[in-house]
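Only one structure is covered here, and it is reproduced in the block below.
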Amino acid sequence: MNFKNMSVVFTGVGGQGVILASDLLSEVALIHGMDVKKAEVHGMAQRGGSVISYVKFGNKIFSPLVEKRSADILCSFEPLEAIRYIDFIKEDGFVITNTVKNFPLTAIFGKIPYPDNPIELLYKFTSKVYEIDALKIALEIKSPNVVNVVLLGAISKLLPFSDDEWFRAIQKKVKAKFVEVNKQAFSKGKEAISF
Amino acid sequence: MSKEILSGNEAIARGAYEAGVAFASAYPGTPSTEILENISKYKEIYSEWSPNEKVAYEVAYGAALAGVRALAAMKHVGVNVAADPLMTSVYTGINAGMVLVSADDPGMHSSQNEQDNRRFAYFAKMPCLEPSDSQEAKDFLKLAFEISEQFDTPVMLRVTTRVCHSKSIVELGEREDVPYREYKKDFVKYCMLPSSARVRRVELEKRLSKLRDYSNSTPINRIEMNDLDIGIITNGISYQHSKEAFPNASVLKIGMSNPLPDKMIKEFAKKVKKLYVVEELEPYMEEQIKMMGIEVMGKEVIPNIGELTPDIVRNAILGKSVAFEVPKIPLRPPILCPGCPHRGFFAVASKLNLTVLGDIGCYTLGAYEPLSAIETCLCMGAAISQAVGFAKAYKGPKKNRIVAAIGDSTFIHSGITPLIDAVYNKANVVVCILDNETTAMTGHQEHPGTGRTLMGESTVKLDLESLCRAIGVPHVRVVNPNNLKATEKALREELSFDGTSVIIFRAPCIVRDKSVWKKPLMVVNEKCAACGSCFKIGCPAITKDKSGKATVNPILCVGCGVCVQICKASGSEKCKNVSIGYCSDICSQICRFSALVEKEE
Ligand SMILES: Cc1ncc(C[n+]2csc(CCOP(=O)(O)OP(=O)(O)O)c2C)c(N)n1
């Protein structure tokens, strides 16, 4: 098989489910028969801090880290976190960001305020910026916790995996009683966006 | 055999299972923690959280001596704690295999330093293996046990954050049936009196020279010949970065980095035009290669600070520098969770303007603004000893305001001996044990004070109060830090006492124990004077709206009530006593009301 190597960067705030999202993407790549690597940092970073996770898949992957200006997709769970890591996106890469803001304490006390129009700042790096109110969609199915899978559904449109493969990944990684709602979230996210 | 995506740590745990390991011990520490957490899922392996790394190393050593394969895992700085037994265990050797997993943290993602523990392996004359992904993490661990038994020595498996916490595909194998090796009494080998140590010292050198031959022939050191223009000698995760940055270069991949394969290095060096060493942190291989008289580029171009990435490697070797301007935005450092019981202690400590000598744990986050309460953090257990020295020598204005703050797990790890020092040498310090009944920072591990073991059994619970009394601490008391008045009273009283006191601030970690969660709080908008007092406790559930008033995020708030007490205390009558926050004019006009109330369901 000949696969194209791709890299996806997930960013967000500790506790938003960034790690599960990148786990699911890795799993679906494995199911598809690809080589896959992913990297993130546990520990300190999880205490409400900024979180980044890299996933790379294709024929053969060496480094688990994504180079600057090389990610095909940057999927951010929070607008400020999209800006923080925007230099990972390649020139014609896709940025998909949740629109729901999360104000860090430093924005309240520090000298630098939370930007008024965070999304605008992203365009300097790529023209392909897409917004999605993933919380609103998650609340439609009464599950604020599936924001991460709504976003996965959205970016799935840019990836070479079938729904069936995605659902198998969800089945494998998510607790049995949450599988259905996660599948729903995935489909809702997919519907919510067109590129 | 099936394939799975495993993190390096999960793969090491799987490797332990497949290698027939029967005993595993550790003290938690990022990035090593998940190794033991995953090993504990295998019923075939006895596993334990030890109170600290020295103990973890020694119990594993004891088990290997007795005849079963044993593993001890720790973060890089944990090896400092275990250094004493480590340095002599290489003299005695072991009986059944023993492997030390040292998980280093280049880039200091979650650590106080970024020491390179290959230096430890070299210093101890201990074989060192370095995997570069999860498959190798599993395979090298198994090989480490073979080397350990073949050469009668403990072996270090050195991994780094990007190996531990990266995931890649691993082929699973079966568990090996490893026979029990009967222990035979041998005092010259195992009892390091000087007379025996002198004998073993010679053995150590003989072994090292045999290990060097092994290193020259092992397939985990391998040459990948390609383009001859650039040759790269590299190890661990740097191998992956180098392959990505220079797919056509020739590479000598070092899987065994102590002792280095000298012959192989010389052979490789002869073949390529320009030779580089790509390694994270110290010029560990580079120095040895240069001592072989080989011309090589290393730290002249490759940074010795922080971790490497494919772009850093490429730019360093090609002499390029590339930077992309990211807009300036507020930082988002880790913070104390909403409802964290440490917050109450810090709010009062900051109000009383104490000098808090700190330690390592979630509570170290109390150093950040706006609490800004912790002043020092050196290593596990240092808070109390630092405070003893500080209190005895300090001549400044805050003479009677010196306290040590230390977590429960950290106290048990290495705070008990310093407390003995304080009492024995009559130090005038207040020791605050911030007891949230768990090892929170590293992900809520059990410890001797929780009354539960890693394997999920209940056990004797270490009683901190009795322990402190037995040490002879004259004043020992327990206070709930979520009660600010009680916290302040206890601190004031103990600060005025001339001698050593211990205040145990006890309240459960709210992430661990959700039963303490109460209804979320809310701000009554008309009553909020926008005085800003409640912002000063740095609770992520409280934010400021456009008019400067407080709002509480009901999704984050767990109703601990610390902000309510602050809000009430910001009233005019009490204003004079309040140095936390400030009172604006409008504030003092309406301050009799508390704006923060419990939210109706
Ligand atoms: C020698 C050493 N071992 C382990 C660690 C990793 N580590 C940092 S803080 C911590 C535990 C802190 O637990 P506790 O003292 O109970 O404080 P809490 O996080 O619960 O507030 C550990 C294990 C370290 N930094 N140094």
Side-chain angles (χ1 to χ4, degrees), chain A residues 13-15 22-23 26-27 29-30 34-51 54-56 60-70 78 80-81 83-88 102-115 118 121-122 124-125 144, chain B residues 3-5 30-31 33-34 105 107 109-111 133-134 161-162 164-169 237 239-245 247 307-311 314 322-338 362 365 368-370 441-443 535 538-540 542-544 555:
Chain A
V13 180
S22 61
D23 272 341
S26 311
E27 196 63 43
L30 174 71
M34 292 173 163
D35 187 19
V36 57
K37 284 191 178 167
K38 78 159 209 154
E40 70 234 351
V41 173
H42 311 176
M44 283 291 261
Q46 283 176 336
R47 298 273 168 280
S50 166
V51 175
Y54 313 92
V55 186
K56 290 165 79 171
K60 168 80 189 150
I61 305 298
F62 286 107
S63 172
L65 300 181
V66 173
E67 296 184 36
K68 294 280 165 71
R69 289 308 248 159
S70 81
E78 203 280 340
L80 192 66
E81 298 312 309
I83 305 170
R84 191 180 317 281
Y85 300 108
I86 189 63
D87 56 344
F88 280 101
N102 177 318
F103 291 85
L105 284 178
T106 51
I108 302 175
F109 302 101
K111 289 171 194 78
I112 310 170
Y114 196 108
L121 296 172
L122 300 171
K124 224 180 91 191
F125 283 76
Chain B
K3 282 184 177 178
E4 286 207 32
I5 300 180
T30 316
T33 312
E34 300 84 1
D105 189 17
H109 295 283
S110 325
S111 304
D133 63 16
S134 299
T161 302
R162 295 302 184 182
C164 296
H165 287 172
S166 293
K167 291 193 174 181
S168 55
I169 301 172
I237 195 72
Y239 164 78
Q240 306 288 358
H241 300 331
S242 302
K243 287 293 277 188
E244 180 133 348
E307 61 178 12
L308 299 180
T309 64
D311 14 3
R314 181 181 306 110
V322 194
F324 305 102
E325 281 265 316
V326 173
K328 286 230 173 343
I329 51 169
L331 297 174
R332 197 189 295 275
I335 35 176
L336 293 175
C337 304
C362 284
L365 300 174
Y368 284 130
E369 283 189 86
M441 178 96 266
T442 43
F535 299 139
C539 176
I542 306 176
T543 47
K544 187 157 53 171
I555 296 180

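Order of the sequence lines sets the chain letters (A, B, ...), proteins ahead of strands, with each chain counted from 1.
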Say whether, by atom type as modelled, one donor and one acceptor occur between the side chain of [X] and the main chain of [Y] under 3.5 angstrom.
| X | Y | result |
| --- | --- | --- |
| A:Lys56 | A:Leu65 | yes |
| B:Ser168 | B:Ser134 | yes |
| A:Thr106 | B:Leu331 | yes |
| A:Glu67 | A:Ser70 | no |

Chain B contact via [X] - side chain, backbone, both or neither, heavy atoms under 4.5 Å:
| X | value |
| --- | --- |
| A:Phe125 | side chain |
| A:Lys124 | side chain |
| A:Pro118 | neither |
| A:Asp23 | side chain |
| A:Leu105 | side chain |

Pi-cation contact, A:Tyr54 with A:Lys38 (under 6.0 Å, within 45°) = no
Which region of [X], side chain (C-beta onward) or backbone (N, CA, C, O), has a non-hydrogen atom less than 4.5 Å from a non-hydrogen atom of chain A, or is it both or neither?
| X | result |
| --- | --- |
| B:Thr161 | side chain |
| B:Asp105 | neither |
| B:Cys164 | neither |
| B:Ile329 | both |
| B:Glu244 | both |

Atom CD of A:Glu78 and atom OG of A:Ser50: how far apart are they, to the nearest 0.5 Å?
-> 9.0 Å
Starting at NZ of B:Lys328, measure out to CZ of A:Arg84 and round the result to the nearest 0.5 Å.
-> 12.5 Å
State, with a plain yes or no, whether a side-chain heavy atom of A:Val55 is found less than 4.5 Å away from one of A:Ser26.
->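 Yes. Closest side-chain heavy atoms under 4.5 Å.
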Looking at B:Pro370, B:Pro247, B:Ser242, which makes the most heavy-atom pairs under 4.5 Å with chain A?
->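 Top option by heavy-atom pairs under 4.5 Å: B:Pro370.
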Option that, when pairs with chain B are counted at under 4.5 Å, heavy atom only, ranks first among A:Pro104, A:Ala39, A:Ser22, A:Pro64 =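 Highest number of pairs under 4.5 Å: A:Pro104.
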